[in-house]
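Reading through the structure tokens given below for one structure.
Just so you know, these numbers use all the heavy atoms, side chains as well, and skip hydrogens, waters and symmetry mates.
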Amino acid sequence: MSGQLFSKTQSLGIPFRLMRNLAGFGATNGLGGGGAYARITDIDAALFSLPALRSLSLGGSSFEITSRYYGYLQPAFINPNLTSLLIGGPGYTGKSFTAANLTAINGVALPQLTSFSFNGGMIGGNDNGFGEGPFPVEWTTLNKLLVFGCNTTAWTSIPDRINSMSNTLTNLNFTYCGQIVSWANDLSNLVNLSTLVLTRCVNFPTTVPGYIASLTKLKNLNMGGVFPVNRQAGAIDAFIDNWYAFVVANAAITGANALPFRGMVFDIRSEDIVNIPDGVQIPTGVYQAPAGFVSGVSNGTPGSSLEKIYVMEVQYGHIWRYRTV
């Protein structure tokens with residue numbers, strides 16, 4: 001349920017206790033619409049203990065400020081059978097993680113959780129103001145986690161604490177985190193990481209830290225909207241230059257695409273390629289083989305971003321998606 005418009009503030013009258021086979025429920029992005037349309041005050045708590053429930057999403061501004069669910073993770077949310085959980089909302093801002101009960105999200109209480117994401121407005125910055133860090137340390141005990149995501153946080157760097165998360169993690173997603181300007185000091189513990197999403201992180205650095213060489217399963221980087229046209233000129237070229245240097249230093253020039261840093265997919269287009277395809281920078285140069293290029297033997301001497309992309313695609317099996325006009 002997303003953006004439902006109610007005529008008045010009310011309790012959500014769905015009898016979840018009768019839905020014994022319900023496997024998932026989501027109320028995100030402002031259930032009730034806000035403004036002239038009221039949000040909900042309560043919900044049938046039987047929802048959270050349904051035996052088939054595996055996926056729960058309660059984000060955005062779903063609940064009225066007077067609701068017991070506003071800015072507090074009710075203990076009833078913690079169903080040990082959940083495999084996917086998304087939470088969020090502005091009510092969490094300005095509270096300690098303990099006061100908001102966010103510490104209840106941990107590996108003991110949620111032993112089957114494989115996907116966990118949270119929405120913006122929950123955490124003010126690199127520290128929540130109570131000396132507890134960028135997110136609850138208890139989240140690092142989710143020992144089956146495959147996907148961890150955050151949206152519109154005020155972090156200025158990828159938190160170092162992420163390196164303490166379970167090394168089962170395969171997907172790390174940061175969306176619309178426009179204040180991030182630096183990598184974490186280390187992410188080398190995430191040895192199974194295959195996908196990194198940085199959609200609309202418009203100040204993310206163009207550099208490639210050395211520890212990326214330890215992440216030998218990394219194959220997919222989604223950088224949609226990271227290089228808008230109003231960002232410093234040449235940022236997209238610096239990004240391509242740095243990844244080219246990294247790939248040449250760390251990937252085999254021949255072999256299967258399953259080998260480390262071969263067969264990678266980079267998407268550096270607009271985050272909305274349908275409505276604003278021209279919203280990002282264009283890599284410079286002409287897409288062609290550089291002087292001295294010999295397939296499987298020599299990369300030659302590429303002199304532009306598009307020549308470097310040519311080498312990475314032809315020599316290393318990459319796929320690069322980028323704006324061309």
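- For the atom pair W139 CH2 and I162 CD1, the distance stands at 10.0 Å (nearest 0.5 Å).
- Between the side chains of T156 and N126, at least one donor N or O lies within less than 3.5 Å of an accepting N or O.
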Table please: side-chain donor-acceptor pairs of residues 284-295 below 3.5 Å, with sequence neighbours left out.
from, atom 1, to, atom 2, distance (Å)
T284, OG1, D237, OD1, 3.2
Y287, OH, E313, OE1, 2.5
Q288, NE2, E307, OE2, 2.8

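- Aromatic rings of F246 and F261 (six-membered ring for Trp) have centroids within the 6.0 Å cut-off, being under it.
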Show your working on side chain to side chain contact (heavy atoms under 4.5 Å, CB included) between Q74 and N101 and close with a plain yes or no. CA-CA 7 Å; Q74 289 291 330; N101 201 32; over 6 Å; no
Give the C-alpha distance, both sets of side-chain angles, the deciding distance and a yes or no for side chain to side chain donor-acceptor pair (under 3.5 Å) between Y92 and N119. CA-CA 10 Å; Y92 293 98; N119 284 335; over 6 Å; no
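- A pairwise comparison of heavy atoms in R231 and V226 identifies NH1-O, 3.0 Å as the closest pair.
- Not a single donor-acceptor pair under 3.5 Å links the side chain of D267 to the backbone N or O of G224.
- Under the ring-ring contact (aromatic ring centres under 6.0 Å, His included) rule, F135 has a single partner from F118, F148, F116, which is F148.
- F204 is linked by a ring-ring contact (aromatic ring centres under 6.0 Å, His included) to W183, counting only residues two or more places apart in sequence or in another chain.
- Y176 and L198 end up in different hydrophobic clusters when Ile, Leu, Val, Met, Phe, Trp and Tyr side chains are linked at under 4.5 Å.
- Under the 4.5 Å side-chain contact rule for hydrophobic residues, V137 and L145 do not share a cluster.
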What's the verdict on side chain to side chain contact (heavy atoms under 4.5 Å, CB included) for V248 and Y316, showing C-alpha distance, side-chain angles and the deciding distance? CA-CA 9 Å; V248 170; Y316 297 94; 3.9 Å; yes
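- With respect to L193, the side chain to side chain contact (heavy atoms under 4.5 Å, CB included) criterion is satisfied by exactly one of T170, L172, T216: L172.
- Taking every heavy atom of both residues into account, K219 and L259 meet most closely at NZ-O, 2.7 Å.
- Side-chain atoms of Q315 come within 3.5 Å of backbone atoms of G296 as a donor-acceptor pair (strictly under, hydrogens ignored).
- Taking CD from E132 and CZ from R161, the interatomic distance works out to 8.5 Å, rounded to the nearest 0.5 Å.
- No side-chain heavy atom of L85 sits less than 4.5 Å from a side-chain heavy atom of S115.
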Going through the distances and angles, do L102 and I87 end up as a side chain to side chain contact (heavy atoms under 4.5 Å, CB included)? CA-CA 10 Å; L102 294 176; I87 58 171; 3.7 Å; yes
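- Each of L187 and V147 belongs to its own hydrophobic cluster when Ile, Leu, Val, Met, Phe, Trp and Tyr are linked at side-chain heavy-atom distances under 4.5 angstrom.
- Aromatic rings from Y322 and F239 are positioned such that their centres are separated by 6.0 Å or more.
- Formation of a donor-acceptor pair under 3.5 Å by the N106 side chain with backbone atoms of A104 is found in this model.
- The side-chain heavy atoms of L196 and F174, taken from C-beta on, include a pair separated by under 4.5 Å.
- Between the side chain of R262 and the backbone N or O of V247, no donor-acceptor pair lies under 3.5 Å.
- Within the 4.5 Å cutoff, side-chain heavy atoms of W243 are placed close to those of M264.
- From L142, atom CG reaches atom CD of Q112 across 11.5 Å, with rounding to the nearest 0.5 Å.
- The distance from the OG atom of S49 to the CG atom of N81 is 10.5 Å, given to the nearest 0.5 Å.
- Side-chain contact between V280 and I236 is absent, with no heavy-atom pair separated by less than 4.5 Å.
- Checking N220 against T195 by side-chain atom types alone, a donor-acceptor pair falls below 3.5 Å.
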Before giving the answer on side chain to side chain contact (heavy atoms under 4.5 Å, CB included), spell out for E64 and Y70 the whole-Å C-alpha distance, their side-chain angles and the decisive distance to 0.1 Å. CA-CA 7 Å; E64 275 291 309; Y70 184 84; over 6 Å; no
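- Of the possible donor and acceptor atoms, one in the side chain of N163 sits under 3.5 Å from a partner among the backbone N and O of N189.
- Heavy-atom minimum distance, K144 versus T168: C-OG1, 3.7 Å.
- Atom CD1 of I309 and atom CD1 of I319 lie 12.5 Å apart (nearest 0.5 Å).
- Of all the heavy atoms in F227 and I268, the pair that sits closest is CE1-CG2, 4.2 Å.
- Checked by atom type, the side-chain pair N151/T175 shows a donor-acceptor distance below 3.5 Å.
- Between the side chain of Y244 and the backbone N or O of V311, no donor-acceptor pair lies under 3.5 Å.
- Residues V108 and T141 have side chains not in contact (no heavy-atom distance under 4.5 Å, counting atoms from C-beta outward).
- Annotation for L190 and M165: closest pair CD2-O, 4.1 Å, computed over non-hydrogen atoms.
- Pairing each heavy atom of C177 with each of T152, the nearest pair is SG-N, 3.8 Å.
- Linking Ile, Leu, Val, Met, Phe, Trp and Tyr whenever their side-chain heavy atoms come within less than 4.5 Å puts L221 and I180 in one cluster.
- Using a 4.5 Å cut-off on side-chain heavy atoms (C-beta onward), S270 and R323 make no contact.
- Proximity of M312 to I240: side-chain heavy atoms (C-beta onward) are separated by under 4.5 Å at one or more points.
- The shortest side-chain heavy-atom distance between D186 and D160 does not fall under the 4.5 Å cut-off.
- Going from atom CH2 of W320 over to atom CG of L306 covers 10.5 Å, rounded to the nearest 0.5 Å.
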Using salt bridge (Lys or Arg N to Asp or Glu O under 4.0 Å), reason through D42 and R68 one step at a time and then give a plain yes or no. CA-CA 8 Å; D42 210 343; R68 58 179 170 155; 3.2 Å; yes
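- Checked by atom type and distance alone, the side chain of S298 pairs as donor or acceptor with a backbone atom of G300 at under 3.5 Å.
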Which donor-acceptor pairs under 3.5 Å do the side chains of residues 15-25 make with protein atoms, sequence neighbours left out?
from, atom 1, to, atom 2, distance (Å)
R17, NH1, D44, OD2, 3.1

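- Checking side-chain atoms of N192 against main-chain N and O of N167 turns up a donor-acceptor pair under 3.5 Å.
- If you chain together hydrophobic residues whose side chains sit under 4.5 Å apart, F266 and V314 fall into the same group.
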